[in-house]
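Reading through the structure tokens given below for one structure.
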Amino acid sequence: MKRRTFLKGAATAALTSKMLRAGEGKRIAFGGIQIECSTYSGIRTRLEDFTVKRGQELADDPFFRQLKEYPYAFHPALLATAVPGPPVEPEAYNRLKTEFLRRLADLLPLDGLYLAMHGAMYVVDMQDADGDWIAAARKAVGEGCLITASFDLHGSLSRRAIDNLDMLSAFRTAPHIDREETAKRACDMLVHCLDHRIRPTLVWSPIPVLMPGERTSTVYEPAKHLWAQLPGMNAEPGVLDASLLVGYVWADEPRATASAVLTGTKPDLLEKDALSLAQEYWDARKEFQFKVPTGSLADCIERAERLATKPVVISDSGDNPTGGGDGDRADVLAELLRQNVRDAVIAGIADPPATEACYRAGVGRSLHLKIGGALDPRASKPVEVSAKVVFLLSTDNSRERQAVVEVRGVTVVLTARRRPFHEIRDFTVLSLDPSRFKIVVVKAGYLVPEIAKIANPNLMALTDGAVNQDIEHLPKSKWRVPSYPFVPDLHWTPSTIVGARSPRHAEA
Ligand SMILES: [Zn+2]
């Protein structure tokens, strides 16, 4: 079948295929686990921090709507997702894995499995947790089942993951605006291989370079041109998918590296493409730099105050919960107060006790609050202030509570759980208009498009925290393989590893 036919609309393919093979169904299951964990965080991700969807609720998830367009039913198992964050408690991981495997067992026999993964999960005292999950899934579904996976481009791969998968697709954009497309590529490839009885070859080239997402955004060079070549490569006959992954720098694990991964039917071509992507990524390693102005927290606030424009969006990058930071630090509040800034909003600080205290006090009341360090008191210090409650979000769910307080001209959003402020709506539901403020502080690294649009300009404060951007000075690694920039003069030439299930591997 020609590549073009394979790529045509899934709906049309569904119709044609249904007519051709009435009664000849394939059974496919889907599910997975998605979290990115900083091993530098002193706290833990618990079971209640995951959003778990299973059965019909997972089937009805709007993200997976597109699975209904394939000629075969995709049966929901379990999908656990969490805001990036600290290492996962082993009990939580085991509970989720056990239920996932039980649900997979109930769906057997299976022809295919789609694993929707992130790829940078860390479970306390367990290396390569994603590989563990994938290997367990393989054991459950058996050798005859084809497994496809989608990964975040900040995921890391391992020999175990590659040896248990048949194919893989990773996001091609950061900020991530191609989640659905990536899932579609992963599933198109699976259905294509099932339809044509193809066992694809999976070729992996690990690249010993570790960079934060903030230096590898695909909006900027050199990432822009590196990732821009993937669709062209993907269109070559014999290539089913071409992926390039940055990996995750705040993981002290041997598998933490960048990766080039190719899936397809022509092993020599896949190897050539993987080697060329890996070499180009390596050659560009010194060009991965911050593309927005950066500075110390004090510098960024001083600079923002001097600028005539507004709102100046300051990223509190070391405590970014969407990168795996704790999101509970009050360093920026302390510095804004020290510099007597009067027109700023901080969104937000995860502080369950302070949030609860505001709800107890009520709107319009003033109270004494200790803000910051509530989740990890050892990592940062609280700021003691007199605050006035100006808004309380109305919600029945105590974990969704958010309180807006004013502290000497600084507006602070306190939240009951770790959460990002990535959309304008995150502000407006709290009766806040971010464009009104001189300084808007968000716990973020690079800005997602909606906030980037209002930033006038954006300054990235290189703050302390579990995802500190000053990666060259991260605590000494125990497990990482030698990589750039940790070993600045590292010598390296690319090589490839072929997945154990690949036909060429079996013949060798
Ligand atoms: Zn990511």
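Counting convention: from 1, in listed order, for ligands and their atoms alike. Below, all heavy atoms of this structure are taken into account, side chains as well, without hydrogens, waters or symmetry copies.
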* Asked: What do the steps show when you test Asp351 against Thr415 for side chain to side chain donor-acceptor pair (under 3.5 Å), and what is the final call?
  -> CA-CA 6 Å; Asp351 194 322; Thr415 64; over 6 Å; no
* **Arg215 to Phe288, cation-pi by 6.0 Å centre distance and 45° axis angle** => no
* Asked: Can you tell me if His118 has an N, O or S atom under 2.8 Å away from the Zn ion (ligand 1)?
  -> no
* N, O or S of Asp152 under 2.8 Å from the Zn ion (ligand 1) -> yes
* **Over 12 non-hydrogen atoms of neighbours within 6.0 angstrom of CZ in Arg65** => no
* Compute the centroid of each ring, for Tyr248 and then for His154, and state whether the two points are separated by less than 6.0 Å. => no
* Where the Zn ion (ligand 1) is the centre, what is the ND1-to-NE2 angle for His154 and His176, rounded to 10°? -> 100°
